Amino acid sequence: MSATHWSVRQKIEIPFQYTAGPAVTRFLQGLTSKKIVTSVCSKCGWRGVPPLSFCGRCWQPVTEFRELSGTGQLLSYSSSGGRTFGLIHLDGADSSLVHWVVADGGPLKIGSPVEPVWQPERSASILDIEHFRVMAG
Amino acid sequence: MSTGVAIVGAVQTRYEAKKAHQTYNELVYEVVSELLKRTGVPMQEIESMVTASQDFWDGKTISSMSVSEVVGGYLKSEAKVASDGIQALIYGAARILAGAFEYTLVVAHCKESEGQGQKITAVMFDPYCQRPLGVIAPTAAALQARAYMNAAGIGTETLAQVSQKNHRHAMKNPLALRVGDYKIEQILSAAVYADPLTELMAAPTSDGACALLLANPEKAKTFGSRVVWISGMGNSTDAYWTDRDLAQSVALAQAAKRAYQMAGVGAKDIDIAEISARCAHEELLYGEALGLWARKDVAKVAASENGGKVNPSGGAITGNPATVAGLTRVAEAYLQLSDAAGAHQVPGASVALAHGADGICGQTQSVVILRRSEA
Amino acid sequence: MATTKAEGVEQEALRVPFRLSMEYEYALGAHAERFFGELRDHGRILGVRCPSCHRVYVPPRPVCGICYAETREWVPVSDEGSLVGCTVVELPFIDPMTGERRPVPYGFAMVRLDGADTAMYHFLEETDPKKIYVGQRVKAVFCEQRTGSLLDIQNFRTLEAR
Amino acid sequence: MGRKVGIVATGQTKHGPKRLDVNLRELITEVVTRALDDAGLRTEDVDAVFLGNMEPFEGFMFPELWSVEGWGGYLKPSVKFNTGGTVGTTTTMAAYYYVAAGLYDTVLAVGFEKQSDGHTQAAITTVGDPVWERTMMAGAVGNFAVMASTYIHESGVTPEQAAKVAVKARRNACNNEYAHLQMPNLTVEEVLASQILAHPIRKLDMCPQSDGAVAMVIAEESRARKLAPRPAWIRAVATAHEQQYMGDSPKRLAIMRSQIAASQKVYKAVGITNPRKELDVAEIYEVATYAEMAMYENLGFCERGHGGKLIDEGVTSMTGELPVNPSGGVLSTNPIGATAMIRVAEAALQVMGKAGKRQVPNVRTALATGYGGNAWTDALILASD
């Protein structure tokens with residue numbers, strides 16, 4: 001209770017488990033084998049990360065999936081709480097991927113080339129990518 | 001041209017960092033009771049209410065239940081929009097245009113101080129690939145800010161100028177939370193909100209509520225100069241934040257086009273624009289999409305007082321809570337066109353634009369065009 | 001990972017866990033402050049009366065929704081009342097305030113205190129469903145130490161049997 | 001009263017306890033595809049989309065914006081609602097008002113919920129006020145148990161009569177390919193023997209939790225006539241709220257003030273004075289067996305206290321004078337964000353003559369209701385020309 005006014009502190013604590021569905025499952029499973037998978041719409045060519053099983057623009061199922069190289073370019077970055085978040089344009093994808101980024105091979109600036117650094121132990125989670133590092137040159 | 005729906009009154013609370021003295025029904029009763037007093041319309045004559053609030057901000061499933069009684073909803077038609085209050089206003093107008101109700105009360109409330117803002121915004125993010133990283137709304141806004149600065153070729157000084165202008169305007173707005181004649185250097189060196197945005201380039205945590213009364217043309221006749229007509233409305237939904245170019249708002253450009261078409265006006269006819277920008281870069285980005293200025297001119301726009309026609313109220317950056325910020329813009333546009341804006345009144349305006357957005361990096365965009373009545 | 005056969009597709013169903021865990025500090029507001037101040041300091045329960053229809057509301061609130069009239073008059077109500085509706089919960093569900101299963105069985109009811117026109121949710125001491133019934137007279141059991149919370153009333157004890 | 005507006009097409013998923021084969025976006029796509037196919041439309045033909053669901057059940061703020069590609073929403077106007085159990089009917093009514101106002105001509109209404117991803121009773125408990133109710137509340141089960149005890153006291157209905165409601169619901173559901181619980185051989189004894197959740201509510205007295213979605217295409221008159229041979233016209237709509245706290249309505253279910261008010265508003269609007277005779281079918285939002293009987297009384301299907309008699313006499317069975325919930329109702333299917341809209345969709349199927357095995361013969365006028373929060377009510381009357 002604050003000095004002058006009363007309040008009650010309470011928690012809302014509820015466990016969730018989000019069903020990934022076929023396309024996102026394929027993406028997460030790809031991470032266990034160090035692969036970044038995108039979906040490709042046969043009509044408009046949109047390459048989604050995480051992949052889509054249905055294209056909302058063309059209103060048709062998506063059945064083609066591709067493995068990306070994993071490299072990309074930094075679209076933007078922002079550091080807070082001792083960590084730097086990067087918005088990454090992956091080569092061969094249209095969606096951007098947000099992840100942690102580290103300068104390493106060069107400074108963090110828009111356009112810097114980046115590549116994923118993989119965790120030794122992987123469990124079909126986005127955290128299987130430890131972070132993206134700026135590549136040299 | 002009028003759509004046939006008028007605003008006849010608008011009331012806001014003072015926006016404060018923490019309204020520890022009020023629970024939700026008291027907060028909302030404050031604005032609704034004042035609105036009924038100012039308009040002279042008793043609750044018995046109002047059958048339709050549209051509210052806007054968010055379960056995660058209120059820490060309650062069905063957040064509208066807390067205010068059902070104080071908005072006069074007992075045995076009446078209240079519905080809750082789970083998005084920015086400007087959407088509740090558009091839905092309220094639709095109810096009147098459908099001929100179903102003579103009046104509609106529109107109310108938005110939020111107490112950001114009661115929840116943990118960071119954690120609350122985290123649940124807007126993709127649960128598979130984004131939430132595990134700890135991404136929260138300030139991070140996404142900062143990523144957008146840097147992308148926009150890069151695309152528009154501007155630096156943080158330009159953002160500081162936008163913030164300076166708004167906080168100066170707020171000095172004439174008694175309801176504004178954060179007010180001050182800040183120096184550019186002060187804004188640039190303020191604590192980090194989320195790099196590159198400093199705390200003075202982003203809205204502080206705030207509590208507040210806002211209520212408007214809509215009326216059909218027949219009822220509006222009795223309100224004389226306090227009548228302001230809704231002459232255009234537009235809304236659009238953008239792609240998810242990681243599936244679009246964050247440096248522009250295609251959805252806002254489309255929402256504005258729809259509203260301009262309905263109102264029979266263009267961007268050049270807008271005398272006052274209240275843009276719902278809780279971060280400095282959003283005002284410039286959204287102003288582009290609204291056709292108020294071109295990207296190549298944003299540095300000049302930020303440096304000029306722009307005739308004081310953008311956010312005379314000080315805007316959302318001075319502290320308007322989520323879900324309320326857009327309805328606050330409509331309220332401020334109404335006050336300008338009914339000559340009730342007091343110290344921050346801009347003389348001679350006849351067409352005003354109010355904008356609202358919600359979701360990550362403004363994924364849902366709404367525009368309302370108001371016109372002074374010729375009475 | 002559970003495997004399921006749904007809609008004809010054998011599917012390795014992956015599910016990503018997330019623990020929603022948020023803390024809130026809810027302001028009580030003027031009416032609840034008055035109610036709980038009285039409860040803490042004098043062990044008395046207050047309702048607020050509508051000037052138009054004279055209904056006495058517990059919990060108190062700023063306006064009577066029926067008349068849309070401001071409720072300004074505070075009136076004491078009894079710590080005894082009757083059960084408007086009652087139950088004993090046997091289903092162990094996840095309590096959102098802890099994230100764990102709430103211990104069952106526990107009794108709770110809508111209790112209309114003498115002098116109030118509305119009823120209030122509270123715990124019942126009794127947990128045998130055969131020993132509670134609508135209309136039954138009950139009395140508040142106050143805690144020794146009162147801190148200004150609804151749980152200053154530990155629960156309601158039945159005063160009679162069928 | 002604005003333009004004439006009709007429901008021309010509907011789509012539903014196969015509702016079930018747990019859809020592990022789709023995420024939320026894919027669940028929505030499944031149902032929007034079915035509704036558009038039913039109307040013979042493409043997404044480009046849709047002017048705006050109205051969505052309803054309960055974010056706390058998904059642990060997700062703006063789930064409809066994350067799912068935007070799932071309902072073809074890119075650069076489309078859209079509005080999101082969250083009003084508890086009534087969200088499906090409230091979303092439908094919003095779509096109706098926008099089209100009646102002439103703002104849009106052809107719109108989609110979508111209700112969705114994936115409850116298996118979360119914990120529904122926990123989330124429903126946060127419906128309770130944190131200061132006054134949450135500590136005692138036990139989700140919807142606890143609320144309905146308390147309300148049922150009051151109704152039993154007022155009307156004298158018996159657990160056997162309640163069990164008959166459960167049997168009617170789960171047997172009707174066998175004629176509904178979308179229903180979650182289909183129990184052709186369910187008996188009264190089985191219901192009475194099912195596990196107690198909160199006295200007097202047993203497991204089979206209570207609705208299930210489901211994953212599921214529903215979508216409807218709603219259009220103004222001229223388009224509606226082109227899109228459907230027999231549109232289900234939305235003839236009257238009403239919402240009536242309760243006061244703020246659970247205990248404000250003393251006899252909450254027994255005398256449901258909001259349901260009496262909302263139903264009388266829609267009856268008056270279409271000139272109905274004896275709903276039991278003048279309605280051909282009703283899809284009501286009953287949550288629990290005792291609630292269905294109480295709602296018969298509040299909806300004016302019978303006198304006060306006669307809810308049990310109506311069940312005993314089979315008045316509300318498929319062969320009765322006023323069939324109630326041919327779809328199996330909420331007792332058979334409950335994806336909360338969709339549940340109230342499923343009532344409207346099923347009522348529309350009856351009026352359009354497209355209800356297949358659960359079709360009540362020559363339906364001209366149907367009632368659909370939504371129940372939400374602390375017993376407030378949405379009511380709609382659908383009718384053919």
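Small disclaimer: the values here were computed from a predicted structure and weren't measured. Letters A, B, ... are given to chains in the order of the sequence lines, protein chains preceding strands, and every chain is numbered from 1.
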Looking at Pro17(C), Cys64(C), Ala30(C), which makes the most heavy-atom pairs under 4.5 Å with chain B?
Ala30(C)
Against chain C, label Leu36(B) side chain, backbone, both or neither, depending on which of its atoms sit under 4.5 Å from a heavy atom there.
side chain
Note: vs chain C, highest number of non-hydrogen pairs under 4.5 angstrom among Tyr24(B), Tyr128(B), Tyr29(B) is Tyr29(B)
Would you confirm whether Glu33(C), through its side chain, and His21(B), through its main-chain N or O, come within 3.5 Å as a donor-acceptor pair?
no
Would you mind checking which part of Ile66(C) comes under 4.5 Å of any heavy atom in chain B, side chain (CB onward), backbone (N, CA, C, O), both or neither?
both
Please check if atom CZ in Arg157(C) has more than 12 non-hydrogen atoms from other residues, nucleotides or ligands closer than 6.0 Å.
no
What part of Lys76(B) lies closer than 4.5 angstrom to a heavy atom of chain C: side chain, backbone, both or neither?
neither
Tell me, out of Cys67(C), Ser21(C), Ala32(C), who's got the most heavy-atom pairs with chain B below 4.5 Å.
Ser21(C)
Identify the two heavy atoms, one from Ala27(C) and one from Gln22(B), that lie closest to each other, and give their separation to 0.1 Å.
CB-O, 3.4 Å
Smallest separation among heavy atoms of Glu69(B) and Val63(C), with atom names:
OE2-O, 3.6 Å
NZ of Lys111(B) to CD of Glu25(C), rounded to nearest 0.5 Å, is 9.0 Å
State, yes or no, whether a side-chain contact exists between Arg131(B) and Val16(C) at a heavy-atom distance under 4.5 Å.
no
Please list every donor-acceptor pair under 3.5 Å in which a side-chain atom of residues 47-59 of chain C meets a protein atom from a residue at least two apart or in another chain.
| from | atom 1 | to | atom 2 | distance (Å) |
| --- | --- | --- | --- | --- |
| Arg49(C) | NE | Glu73(C) | OE1 | 3.1 |
| Arg49(C) | NE | Glu73(C) | OE2 | 3.4 |
| Tyr57(C) | OH | Gln243(D) | NE2 | 3.0 |

Could you measure the distance from the CZ atom of Phe56(B) to the OH atom of Tyr24(C)? Nearest 0.5 Å is fine.
7.0 Å
Would you indicate whether the side-chain heavy atoms of Pro127(B) and Phe18(C) approach each other to under 4.5 Å?
no
Heavy-atom count around Gln44(B) CD within 6.0 Å, excluding the residue itself: above 12?
yes
Tell me whether the count of non-hydrogen atoms from other residues, nucleotides or ligands lying under 6.0 Å of NZ in Lys37(B) goes above 12.
no
Within the side chain of Tyr68(C), is there an N or O that forms a donor-acceptor pair under 3.5 Å with the backbone of Val70(B)?
yes
Between Glu23(C) and Gln116(B), what is the shortest heavy-atom contact and its length?
N-OE1, 2.8 Å
